[in-house]
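Small disclaimer: the values here were computed from a predicted structure and weren't measured. A note on names: the letters A, B, ... follow the listed sequences, proteins ahead of strands, and every chain is numbered from 1.
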There are 2 protein chains.
Amino acid sequence: MHDEGYAAATSRQIAARAGVKQALVYYYFPTMDDLFLEVLKAGADTALAQMRTALTADDPIRALWTISSDPRRTVLNTEFMALANHRKAIGSELKSYAERVRDIETAAVTMVMRANGVDLNAYPPVAIAMLIAQIARSLGNEATVGVTEGHEELRALVERHLALLSAPTPSVRG
Amino acid sequence: MHDEGYAAATSRQIAARAGVKQALVYYYFPTMDDLFLEVLKAGADTALAQMRTALTADDPIRALWTISSDPRRTVLNTEFMALANHRKAIGSELKSYAERVRDIETAAVTMVMRANGVDLNAYPPVAIAMLIAQIARSLGNEATVGVTEGHEELRALVERHLALLSAPTPSVRG
DNA sequence: GTCTATATAGGGATAGAC
DNA sequence: GTCTATCCCTATATAGAC
């Protein structure tokens, strides 16, 4: 899926890469949909675990920013988003995963913003959390197709604002 | 592509929807890759034209925000991003399109920020342009899979900042 | 320009031997 | 658990009639 897209992730290709025969795929997964779902769940669980660990880091928000920036993750995310457009089961799983991710990010952002005395009404943590995660993903997505225009500038801008949230300092303006 | 993903956009399906026979597709497009490329180019040209028109609007940045938010566009964009992962021709076309879009957005943002007396070094227009476009796309992408958590809050936050850029007023903080 | 028909390839999935 | 063999379907693409 990562290298050639979901359409190339066929039972035969997968079996070949695993060094087994095609029929064996259907021994473990009744249908290809089940296989895709398991791949999604496994990846999601790994990502969620990483994110929960990030919550205990010195700089939780930067840790979440780094995780969300991972190009491997952004590429697969795009593939699953495309898959979700026409496979309901993938769609609902992706949705529940996205919501759990957002909850974790929001918790981290809330914690840090509170510690920094930021006005939580003016800057709702859930909005800031989404901002951070989606900007990271966008940079990854664009870099994948070779677009880098404005990346340096945006990265610098984000870094400056992340710095404001890395240590308890007053009067942060978002 | 919009309804069922690029993998379902086969010569047969396309012919059926067009009310013609499958072979006719190959009369107009030598290969499916050529067809995908033409769809991308046509959509890109339309979008670019809309964006250039937006530059002359009363509130150019909000106009660009609206265009980038269009769910039809975000869905197709995701499909093409996924396609680009394994089709070089799509990838390079998507890249050149993304860069032209960014240039237009940057021009609009530069113009408005200058009129508002915003510090262009502290807030590079290209970064703000990317921010606006990608947030809009992210909201569209997530809405497509049914995720809406934090959307209202983020939308309000964006609206507040867009308002700062809609009329020439001093002391904008981004 | 649009069609029918077909070549060739590969897909998902199952049956049944070992 | 892993294999071989196979069914059936659909894909891209081409040939050639009209």
Side-chain angles (χ1 to χ4, degrees), chain A residues 1-46 72 75-95 97 145, chain B residues 1-46 72 75-95 97 145:
Chain A
M1 283 182 79
H2 179 277
D3 295 344
E4 304 172 62
Y6 69 78
T10 66
S11 56
R12 283 172 173 81
Q13 293 281 327
I14 290 164
R17 291 223 189 176
V20 297
K21 297 299 175 181
Q22 183 232 0
L24 195 57
V25 172
Y26 291 94
Y27 175 76
Y28 287 101
F29 306 97
T31 70
M32 287 302 290
D33 261 45
D34 293 306
L35 186 148
F36 283 129
L37 259 184
E38 286 307 310
V39 171
L40 174 56
K41 282 183 187 169
D45 287 346
T46 304
R72 262 170 206 80
V75 168
L76 280 180
N77 208 281
T78 300
E79 289 295 326
F80 277 115
M81 290 276 292
L83 252 181
N85 282 345
H86 61 288
R87 302 216 193 192
K88 283 181 194 169
I90 301 285
S92 57
E93 184 64 27
L94 199 61
K95 173 182 154 141
Y97 163 59
V145 292
Chain B
M1 283 183 79
H2 178 277
D3 295 344
E4 304 172 61
Y6 69 78
T10 66
S11 55
R12 280 177 173 75
Q13 294 281 329
I14 291 164
R17 292 225 188 174
V20 296
K21 297 299 175 181
Q22 184 231 359
L24 195 57
V25 172
Y26 293 95
Y27 174 77
Y28 288 100
F29 306 98
T31 70
M32 286 303 289
D33 262 47
D34 294 306
L35 185 148
F36 284 129
L37 259 185
E38 286 307 311
V39 171
L40 174 56
K41 282 182 187 171
D45 286 345
T46 304
R72 264 172 204 78
V75 168
L76 279 180
N77 208 281
T78 300
E79 289 295 327
F80 277 114
M81 290 278 291
L83 253 180
N85 282 344
H86 61 286
R87 302 216 191 191
K88 282 180 194 170
I90 300 286
S92 57
E93 184 63 27
L94 201 60
K95 173 183 154 141
Y97 163 58
V145 293

Checklist entry - Any side-chain N or O of A:Y27 less than 4.0 Å from the OP1 or OP2 oxygen of C:dA13? => result no
Item to check | Separation of atom OH in A:Y26 from atom C1' in D:dA5, rounded to whole Å | outcome: 15 Å
Next on the checklist: As a quick check of understanding, evaluate side-chain contact (heavy atoms from CB on, under 4.5 Å) for A:V39 and A:F80, giving each step before the final call.
Outcome noted: CA-CA 10 Å; A:V39 171; A:F80 277 115; 3.9 Å; yes
Compare the minimum distances between each of [options] and the side chain of [X], then state the nucleotide with the smallest one.
{"X": "B:L24", "options": "D:dC3, D:dT12, C:dG1", "answer": "C:dG1"}
{"X": "B:K21", "options": "C:dT14, C:dT4, D:dT12", "answer": "C:dT4"}
{"X": "B:Q22", "options": "C:dG1, D:dT12, D:dG1", "answer": "D:dT12"}
{"X": "B:A23", "options": "C:dA13, D:dA13, D:dA15", "answer": "D:dA15"}

Item to check | Heavy-atom donor-acceptor pair, B:D45 side chain to B:A42 backbone, under 3.5 Å | outcome: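 Absent.
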Next on the checklist: With a 3.5 Å distance limit and no angle check, can you tell me whether B:Q22 reaches the backbone of B:S11 through a side-chain donor-acceptor pair?
Outcome noted: no
Item to check | Interface residues of residues 5-13 of chain B with DNA chain C (non-hydrogen, below 4.0 angstrom) | outcome: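 Contacting residues: none.
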Item to check | Sub-6.0 Å ring centroid separation between B:H86 and B:F36 | outcome: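 No: the rings miss the under 6.0 Å criterion.
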Checklist entry - When you check the side-chain N and O atoms of B:N85 and A:E4, is any donor under 3.5 Å from an acceptor? => result no
Item to check | Minimum-distance pair of heavy atoms, taken over all atoms of B:Y6 and B:A82 | outcome: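 Taking B:Y6 first and B:A82 second, the nearest heavy atoms are CE2-CB, 3.7 Å.
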Next on the checklist: Considering every strand and a 4.0 Å limit on heavy-atom distances, what is the contact class for A:V25: base, sugar-phosphate, or nothing?
Outcome noted: nothing
Next on the checklist: Reading DNA chain C from 5' onward, which residue's closest nucleotide shows up sooner: A:F29 or B:V20?
Outcome noted: B:V20
Item to check | Most 5' of A:T31 and B:Y28 on DNA chain C, judged by nearest nucleotide | outcome: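 So the residue in question is B:Y28.
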